[in-house]
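Some notes on the structure that comes next.
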Amino acid sequence: MWYNLNINKLVTLLTPTFLRKEKFLAWLRVLHFPLIKVIDNFNFNRNENLYDLAHNGQVCHLRKVLNDRFDPSQRRIKIVDAQQYTRTWLYAIPYSQPIYLGKRYIHPIEAFADNGFDFIVLIPQPLNQEISQQQLKAFVGKYKLTGKRYKIVITND
């Protein structure tokens, strides 16, 4: 491709054959070293831009991007839908008696449909100590769809 330039090979091919001595070619390579650095920076930025274009705000892509960036080995970051449950109100016959439902029926406030969030990013506790909240918010904000609201929750996993 046009962006994959091998400057050292190009310098050798464009040098006349009677000047192709090792000292002269080494000197030309030294002169072209800044150009090699520019091409390397271009290729790095090109690969970063292609990666950004290949991922969008879909949950699967957002989870992959977050795990690639912050947890590449264990991939523990999860994204869940924030609007999971509707509220059910219970009324005791005698209002002075409390009702015990057990732990499996009680959900946190973030799990209900009217919580104001569209999705929740679950970060494990050990990983939370390694990354900053500002960096995580900037990364999620870069890839999420406009208008979507999210919350970052630290889990004990």
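Residue numbers count from 1 along this sequence.
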After noting the C-alpha distance and the side-chain angles of H55 and Y143, does the key distance pass the side chain to side chain contact (heavy atoms under 4.5 Å, CB included) rule?
CA-CA 8 Å; H55 299 88; Y143 288 101; 4.1 Å; yes
Backbone N or O of T15 within a donor-acceptor pair of the R20 side chain at under 3.5 Å?
yes
Are the side chain of D118 and the backbone of R149 linked by a donor-acceptor contact shorter than 3.5 Å?
yes
[X] side, atom [atom1]; [Y] side, atom [atom2] - distance, nearest 0.5 Å:
{"X": "Q58", "Y": "I79", "atom1": "CD", "atom2": "CD1", "answer": "11.5 Å"}
{"X": "K78", "Y": "I120", "atom1": "NZ", "atom2": "CD1", "answer": "13.5 Å"}
{"X": "T146", "Y": "K148", "atom1": "OG1", "atom2": "NZ", "answer": "10.5 Å"}
{"X": "F139", "Y": "D68", "atom1": "CZ", "atom2": "CG", "answer": "8.5 Å"}

So [Y] and [X], do their side chains get closer than 4.5 Å, heavy atoms only?
{"X": "D52", "Y": "V65", "result": "no"}
{"X": "T12", "Y": "R29", "result": "yes"}
{"X": "V140", "Y": "F119", "result": "yes"}
{"X": "F70", "Y": "E130", "result": "no"}

ILVMFWY cluster, [X] and [Y] together (side-chain gap under 4.5 Å):
{"X": "L35", "Y": "L5", "result": "yes"}
{"X": "I154", "Y": "L62", "result": "yes"}
{"X": "V30", "Y": "L14", "result": "no"}
{"X": "F33", "Y": "L25", "result": "no"}
{"X": "I36", "Y": "I39", "result": "yes"}

Shortest non-hydrogen separation from R76 to P124 and the atoms involved:
CB-CG, 3.5 Å
With a sphere of 6.0 Å drawn around OH of Y51, does it hold more than 12 non-hydrogen atoms of other residues, nucleotides or ligands?
yes
Taking atom NZ of K64 as the centre, report whether more than 12 heavy atoms of other residues, nucleotides or ligands fall under 6.0 Å from it.
yes
Testing V80, I77, I152 for side-chain contact (heavy atoms from CB on, under 4.5 Å) with L122, which one passes?
V80
Test applied, side-chain contact (heavy atoms from CB on, under 4.5 Å); reference residue, D71; option that passes from I123, L66, L127, I131:
L127
Decide whether N128 and Q133 meet the rule of one side-chain donor and one side-chain acceptor closer than 3.5 Å.
yes
With L31 via side-chain contact (heavy atoms from CB on, under 4.5 Å) - residues at least two apart:
W27, L28
